[in-house]
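In each ligand, atom 1 is the first atom listed, and ligand 1 is the first ligand listed.
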Amino acid sequence: MYDILIMVIYMDIKEIRGVGEKSLELLAKLNLYTINDLILYYPYRYNIIKVIPLIEARDGETVTIKGIVDTESRVNYINKNFNRMTFRVRTDNYLINVVIFNRAFYKQHLKLGRIINLIGKYDREKNNFIASDIKFEIIRETKIEPVYHLVKGIKSSSISKLVLECFNMRIELEDFIPLYLKNKYKFIDKLEAAKNIHFPQSTINLKKARLREIYEEFFIFMFKMNYLKYKYDLNNVGLSRNVDRDKVDEFINELPFKLTEDQIKAVNDIYNDLIDKKRMNRLILGDVGSGKTCVAEIGMYINYLGGYQSSMMAPTEILARQHYEGMTKLFEKTKIKIALLVGSMKKSEKNKIYKELENGEIDILIGTHALISENVKFNNLGLVITDEQHRFGVNQRSNLQNKGIMCDVLYLSATPIPRTYALTLYGDMDTSIIKSKPNGRKEIITKVLKEKELKKILFHMLEEIKKGHQIYVVAPLIEDEDGESNLNDVVKLKEKFDVAFNNKIKVEILHGKMKNNDKDEVMERFKNGETKVLISTTVIEVGVDVKNSTMIVIFNAERFGLATLHQLRGRVGRNDLQSYCYLISNMDTPRLKVMEESNDGFYISEKDFELRGEGDLFGTRQSGDMVFKLADIRRDYKILVQCKEDTKKFIKDNIVNNFNDYPQFKKIIKELEFID
Ligand code: ADP
Ligand code: MG
């Protein structure tokens with residue numbers, strides 16, 4: 001029976017009552033396809049609505065009150081798009097005038113004598129209540145209202161409705177916490193937890209539900225990490241290579257720069273790992289711009305000399321292309337054949353690469369997660385590198401590695417989290433840490449300014465452009481269609497800058513919604529110096545390397561986490577020119593001061609964690625830097641550590657009988673070990 005109920009949740013969303021073509025399309029935009037997806041689509045925060053008596057309402061404060069409709073409502077159509085409705089409401093023996101705009105459609109519901117809730121502001125002097133909304137289902141004393149991440153066309157309340165429909169069906173959710181642990185920690189049931197998270201009846205219930213889900217989230221994650229590690233250790237006999245060290249040193253000596261001490265150490269670590277029989281499983285942790293890519297490239301050279309193919313996976317096409325171009329140049333004088341594989345390529349191009357790869361003509365394949373495609377078959381893959389590894393899921397990383405037989409593995413990460421946390425999460429692998437920056441690098445001068453001081457920045461921009469340098473501008477939005485958010489957007493900033501520069505300076509925009517070809521062309525014109533100012537969203541955050549850019553201007557800086565700001569700032573200061581970073585914010589955010597203080601990514605990530613404080617359940621949205629849905633590695637660190645222990649024991653106890661008692665984990669393992 002249980003199994004059948006589980007099957008129900010993997011049914012298509014269209015099986016839910018009230019879901020039509022239109023909703024299907026919108027839900028797909030949120031990546032929701034099955035009933036399970038929908039149920040596990042949790043709110044990212046909650047509104048607390050508390051009904052108060054009118055006398056407690058302070059002037060100008062948004063409050064919720066309860067009252068009885070006392071008169072018919074009158075609607076005044078000011079024009080086609082604008083109407084004003086008035087009526088009277090009796091509340092605690094006061095009779096007040098209610099005014100509400102653009103809600104004429106509520107008129108039919110406002111029957112005399114009906115009890116309603118009004119949300120809005122009370123003007124005591126005029127005895128007017130300016131309502132922003134009316135609620136017809138009566139709110140008890142306090143209501144905890146879920147708020148979901150949305151796309152245009154769908155509201156949080158519609159998500160709630162659909163989820164409620166799901167809960168009305170007979171279903172069972174897949175539970176990943178083994179029973180003995182559930183008992184040990186007295187966790188509530190999965191289904192109950194999900195219900196409480198979508199429709200919390202009290203904060204206590206919500207906390208219990210979240211605790212259970214956080215544990216489960218960490219448990220699955222740590223299970224995957226530890227399982228892979230276990231497998232690694234079980235048969236840790238990998239490839240060994242015969243590589244002439246002199247040849248490696250020759251190559252290093254021909255680089256256009258001298259390696260830093262930490263880079264040399266990391267290269268030595270990799271060299272020793274690669275010539276040794278033991279499989280390499282190494283993480284290179286280094287700040288932005290510390291030269292990790294270069295170390296990885298030398299690793300691929302060593303692997304090539306040893307007679308094997310290498311593959312490098314990057315999180316974005318822009319980055320993959322950049323690596324491809326960089327390596328094409330770096331290996332110009334060698335016989336190494338390099339190829340690029342990204343999703344947007346034509347089928348014929350891809351097919352050619354698949355063939356050359358399989359027969360061993362290609363030595364190094366660089367790409368995005370397109371590399372995981374089942375068509376990608378290597379001849380003798382010896383080394384897999386994941387750039388910005390924290391941006392990939394465990395499955396993706398593992399799937400690429402499984403394309404080789406016992407191949408060596410290298411991860412690169414400018415980790416956005418402090419080292420202790422990183423080591424708990426990714427730990428148990430060997431690490432090489434690059435602390436030193438290449439010689440001659442100057443600190444990037446960073447200033448936090450208010451938007452009204454933009455003129456100063458414009459002058460400075462002109463100065464830099466005159467010197468032949470280039471500039472990045474970053475905004476939090478692509479286009480603010482409703483103009484509601486008060487945030488700067490890429491499209492409007494372009495207009496603003498064109499006016500400011502009198503159209504005399506080439507300004508271009510770049511963002512994730514553009515076609516790949518257009519993106520490439522924009523990037524190309526920026527790289528070759530034709531474009532002076534590039535306005536973009538955070539798509540440039542990872543790895544983009546244009547040495548001639550000396551300034552980055554970030555609008556609404558308060559919207560970004562410190563880790564993201566640090567990554568963005570890392571786009572400049574990539575050679576010995578003095579570089580600048582302006583953080584524009586109209587709010588006094590102490591966090592931003594940290595950026596003025598320091599250029600050290602390790603220090604900044606510590607501060608970021610400190611200042612973010614206990615992740616506030618009802619407050620700010622979690623930073624996008626970590627992939628967990630509810631869990632927060634800082635706030636929930638103790639749970640994480642516990643899960644690490646618990647999963648280790650769980651694996652040890654169950655690996656002998658192949659997790660036969662735990663079909664849900666068999667599934668996880670299958671996904672992890674996916675080989676076509
Ligand atoms: P990361 O990947 O760690 O952010 P990169 O490997 O992209 O850093 O290096 C940043 C820039 O510094 C690149 O342009 C690279 O060519 C250059 N670089 C790397 N190592 C050195 C070095 N030892 N001396 C000078 N420049 C270097
Ligand atoms: Mg890099």
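Considering only residues two or more places apart in sequence or on other chains, K231 meets the side chain to side chain contact (heavy atoms under 4.5 Å, CB included) condition with Y227, E673.
Between F560 and F555, the ring centre distance reaches or exceeds 6.0 Å.
Distances between N or O atoms of G291 and those of ligand 1 include at least one value under 3.5 Å. Polar contact check, N439 against ligand 1: no nitrogen or oxygen pair lies under 3.5 Å apart.
The option with the heavy atom closest to atom 12 (O) of ligand 1, from among K547, R574, Q567, R441, is R441. Nearest to atom 20 (N) of ligand 1 by heavy atom, out of Q263, K258, E297, is Q263.
Judged by the 6.0 Å and 45° rule, R282 forms no cation-pi pair with Y411.
For the pair S311 (side chain) and L365 (backbone), a donor-acceptor distance under 3.5 Å is present. Checked by atom type and distance alone, the side chain of D430 never pairs as donor or acceptor with a backbone atom of M280 at under 3.5 Å.
Within ligand 1, counting atoms from 1 as listed, the ones closer than 4.0 Å to a heavy atom of D287 are 3 (O). Of all atoms in ligand 1, numbered sequentially from 1 with element shown, those under 4.0 Å from a heavy atom of V288 are 4 (O).
Only the side chain of D545 comes within 4.0 Å of ligand 1, judged by heavy-atom distances. Neither the backbone nor the side chain of L412 comes within contact range of ligand 1; no heavy atom lies under 4.0 Å.
In this structure, G289 has a heavy atom closer than 4.0 Å to ligand 1. A heavy-atom separation below 4.0 Å is found between C294 and ligand 1.
Ion pairing of E325 with R321 is absent here, as no side-chain N (NZ or NE/NH1/NH2) approaches a carboxylate O to less than 4.0 Å. Electrostatic pairing of E508 and R525 counts as a salt bridge here, judged by a charged N lying under 4.0 Å from a carboxylate O.
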